[in-house]
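Read the structure below first, then the notes.
Numbered from 1 within each chain, the chains take letters A, B, ... in sequence-line order.
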Protein chains: 2
Amino acid sequence: MNKNKDVAGEEPSGALMADVARLAGVAISTVSRALANPGRVNEKTRAKINAAARQLGYTPNAMARGLRVGKSNIIMIILPGSLYYGASQIIPQVLQSINKSLIQGGYNLMIANLDRDEISERHILDLAFGGSVRGAIILSSKLPEVDGRSLANSGLPIVSMLLDMSDAGLQSVITNDREAVRDVTAELIRLGHRQFFYLAGPEGNYHDVERYGGVLEALEAAGLSEGSVRRSGGHLDYQHGFDIGVQAADDFAKLTEKPTAVIATSDDMAISFVSRIQRTGLSIPGDVSVVSFDGSPVCEFCSPPLSTIKQPVEEMGRAAVDLLLGAIDQRETTAAVRTVIHSELILRESIGPTKN
Amino acid sequence: MNKNKDVAGEEPSGALMADVARLAGVAISTVSRALANPGRVNEKTRAKINAAARQLGYTPNAMARGLRVGKSNIIMIILPGSLYYGASQIIPQVLQSINKSLIQGGYNLMIANLDRDEISERHILDLAFGGSVRGAIILSSKLPEVDGRSLANSGLPIVSMLLDMSDAGLQSVITNDREAVRDVTAELIRLGHRQFFYLAGPEGNYHDVERYGGVLEALEAAGLSEGSVRRSGGHLDYQHGFDIGVQAADDFAKLTEKPTAVIATSDDMAISFVSRIQRTGLSIPGDVSVVSFDGSPVCEFCSPPLSTIKQPVEEMGRAAVDLLLGAIDQRETTAAVRTVIHSELILRESIGPTKN
DNA sequence: CGATTTATTGCAAACGTTTGCCAAAAACTG
DNA sequence: CAGTTTTTGGCAAACGTTTGCAATAAATCG
């Protein structure tokens, strides 16, 4: 009842624009203009108003502003699952880079987690349709959609990262996974390798399809059959990379005819795989060459140091934000829909020529 | 101008409560009550309203609601710096766990990055005083404060994590760093070690003080002098853990009288340190025992597997959220101000008795 | 059956901004 | 100096909810 009546300011929270106006002796609308607009108000009054605002410790109410102008300054990022995958820093790095770019543009970052359940989908849709957010970046997932509402027709600008959804008309920032894997596989072939072992993340997953596709392309180009590569894993999420690697090492041990080159689709898999097969007496790269995906810094300090395909996450984050803010400001609405950022192959001692 | 006039709904975005009311043939206020309040409206009308709402794909506008009730449902987490520290997943794990608990409570998580600059402090204060957020969790940092405004008197419920600010009256969720380090040091002493090497994060940092303090306590308890431990590092942030370890390995190499036990204050430091000193021909734990901090999963797959003090981050996150939501709901305002969550020492092969 | 309570709904005033429109004042213009 | 343009500042109407209050309808009671 008597919260913010004109009797007295009791709570420390909340000098209003009206208070500033009163103190400065001007109208409330003038205060608004003084604080936001550039040249709409006389310099002298502006100074008076600024002084009053500072004296009162005035901070404009973001929700009132948002309601009035019909926009928020929050961007949400939709993450597919856990924020951390073993040693792989993909998600945190993306987050960091996005947040940084966003702040520079005056926006805030909100995290939305897209678990498999309907609850979280609904939650995200509420955020989108409820006007809470101004745009969305979606990481490696399809658009949430439940009872008729879909993120696609929320009217929000959306950018997809890591997953190519350009055919659905979504701006997509992706890496050249397929090409990168093709190249590294070709390099392994050049080094004499003919039998490959491929550690998969979730089967059918976009990354899996692309990366495995890259392997096959390289094999074909070299005239090798599809049978030259054996798959392991495929039923666990990337989040369980270490487990996949451990499991794969078991699988590997059981093989009578051992592949000489291993392509892991995350650093985690490679690390645990290497750790396990070293125990069985195999040496790297003497017996087995290993290359993996992600570019985690820790790879440099493994023994032997691991070759890895570095995901250009920071640039991807920046690019995604640029595209998103561009769409918000309605610049370049019709620009190229797919942005490919190139991965970088980091060659280290875990790769070598075959013995014979 | 003619955005949402009553002429026609052009934009796909935005069925309003008024639309639902019209379709259901009731007043707008009835709709509001039907959707939120429990038994304030007749079941039949409620059904009609729900049907209408679903048909229109209605989603309440969060900012309008927030403005009216004077509360938002956003919690901000204030992070001290980078989101990722090498292989240590502390921050992402905390984020994950906090976000999960928050969503269950109906809140959303916003990320605020507290860099050293004044800009970011001001930004955080704007968020706090601008009514955008309902509460804050602050990670391992002091409260931002600039031109008279301080987070402390924003009226927001705040919980401090990792940094003990209970003396400032802030609910603090911390780990027993000092005790954990004391125990592990004592264990090393029991194994015969008498000369220690301590890898520090930023000097004077709360964690550094606590952890180094733990070492000293153990030494004293065993009757060893403070001179039994040498420090390395101290000028770089934890973010550069790998660099610290590399540098420390150089320092170590230069020592004529080599310590036999190393206590690293992050897994990153330990990993790069180990990698480097192994190259100089030293063996672990034969020549040097190593223990570190954080409990990164990757430690299990290092060679040798690293002993580490596992930070109970998930529980800390949960605890912090519980406290925060408690404060928001004004339950238990006067509960214990300090919550200590216990670390877990994971002993692996990187630790062993001294040779002689 | 009239009186009193209770359940249900509607009206209208908030919440704290922004902004279109208008009026007054100031600055030019011829 | 009257007429015209440009600055400047105020009024009041939004933005889309929630909620106190009042009104009506239904139910209960003596």
Side-chain angles (χ1 to χ4, degrees), chain A residues 1-6 9 11 13-22 24-49 52-53 56-73 126 129-132 134, chain B residues 1-6 9 11 13-22 24-49 52-53 56-73 126 129-132 134:
Chain A
M1 324 288 160
N2 52 0
K3 268 291 182 58
N4 276 338
K5 280 291 173 61
D6 48 346
E11 308 214 344
S13 59
L16 266 35
M17 195 173 262
D19 301 327
V20 177
R22 198 173 315 125
V26 297
I28 209 176
S29 53
T30 308
V31 176
S32 174
R33 280 189 276 256
L35 296 179
N37 283 294
R40 270 294 268 134
V41 53
N42 188 301
E43 270 314 318
K44 263 178 70 177
T45 28
R46 178 194 303 279
K48 223 167 34 186
I49 289 171
L56 293 175
Y58 170 71
T59 307
N61 182 301
M63 290 198 296
R65 168 170 220 289
L67 175 59
R68 173 62 229 241
V69 305
K71 312 168 188 322
S72 102
N73 65 343
D126 285 348
F129 284 88
S132 303
R134 188 69 190 289
Chain B
M1 324 285 162
N2 52 0
K3 267 292 181 57
N4 277 338
K5 281 290 172 61
D6 47 346
E11 309 213 343
S13 59
L16 266 36
M17 195 173 262
D19 301 325
V20 177
R22 199 173 315 126
V26 297
I28 216 178
S29 52
T30 308
V31 176
S32 174
R33 279 188 277 255
L35 297 179
N37 283 295
R40 280 286 278 133
V41 49
N42 188 300
E43 271 312 319
K44 264 179 68 178
T45 28
R46 178 195 303 278
K48 223 165 37 185
I49 289 172
L56 293 174
Y58 170 72
T59 308
N61 182 300
M63 289 197 298
R65 168 170 220 290
L67 175 59
R68 174 61 228 240
V69 305
K71 312 169 187 323
S72 100
N73 66 342
D126 285 347
F129 284 89
S132 304
R134 188 68 191 289

Rounded distance in Å - [atom1] ([X]) to [atom2] ([N]):
X      : N      : atom1 : atom2 : answer
A:K48  : D:dT8  : NZ    : C1'   : 12 Å
B:N61  : D:dC15 : CG    : P     : 12 Å
A:I28  : D:dA13 : CD1   : P     : 14 Å
A:N42  : D:dT8  : CG    : P     : 5 Å
B:K44  : D:dA26 : NZ    : P     : 11 Å
B:K71  : C:dG16 : NZ    : P     : 13 Å
B:F129 : C:dG16 : CZ    : C1'   : 17 Å
A:L67  : D:dA14 : CG    : P     : 14 Å

**Prompt:** Could you state the interatomic distance from CG (A:N61) to CG (B:D126), rounded to the nearest 0.5 Å?
**Reply:**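 Answer for the CG-CG pair, A:N61 versus B:D126, is 11.5 Å.
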
### Task
Measure from the side-chain heavy atoms of A:R33 and tell me the nearest of D:dC11, D:dT17, C:dG16.
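Nearest to the side chain of A:R33 among the choices is D:dC11.
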
Q. Which listed nucleotide (D:dG9, C:dG10, D:dT18) is nearest to the side chain of A:T45?
A.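 Closest nucleotide among those given: D:dG9.
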
With no angle test and no hydrogens, is the base of C:dG16 tied to the side chain of B:R68 by a donor-acceptor pair under 3.5 Å?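 Side chain to base: no pair present.
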
Check your understanding: For C:dT17, does either OP1 or OP2 sit under 4.0 Å from a side-chain N or O belonging to A:Y58?
Key ->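 It does, given that an N or O in the side chain of A:Y58 lies less than 4.0 Å from OP1 or OP2 of C:dT17.
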
Given DNA chain C, 5'-ward residue of the pair A:V69 and B:T30, judged by closest heavy atom: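 Whichever sits nearer the 5' end wins; that is B:T30.
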
5′-ward residue of the pair B:G25/A:R65 relative to DNA chain C:
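The residue mapped nearer the 5' terminus is B:G25.
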
Please check this pair: side chain of B:S72 against backbone of B:G66, looking for a donor-acceptor N/O pair closer than 3.5 Å.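 A pair under 3.5 Å: no.
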
Checklist entry - Got a donor-acceptor contact below 3.5 angstrom from the B:R46 side chain to the B:A34 backbone? => result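 Side chain of B:R46 to backbone of B:A34: a pair is present.
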
Worksheet item: 5'-most contact on DNA chain D: A:A27 or B:T59, nearest heavy atom basis?
Response: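 It is A:A27 whose nearest nucleotide is closer to the 5' end.
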
Exercise. Residues two or more places apart in sequence or in another chain: which of them pass side chain to side chain donor-acceptor pair (under 3.5 Å) with B:T59?
Worked result: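 Result, side chain to side chain donor-acceptor pair (under 3.5 Å) vs B:T59: A:R149.
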
Checking side chain to side chain contact (heavy atoms under 4.5 Å, CB included) between B:V31 and each of B:T45, B:V26, B:V41, which is the one that passes?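 One option only clears the test, and that one is B:V26.
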
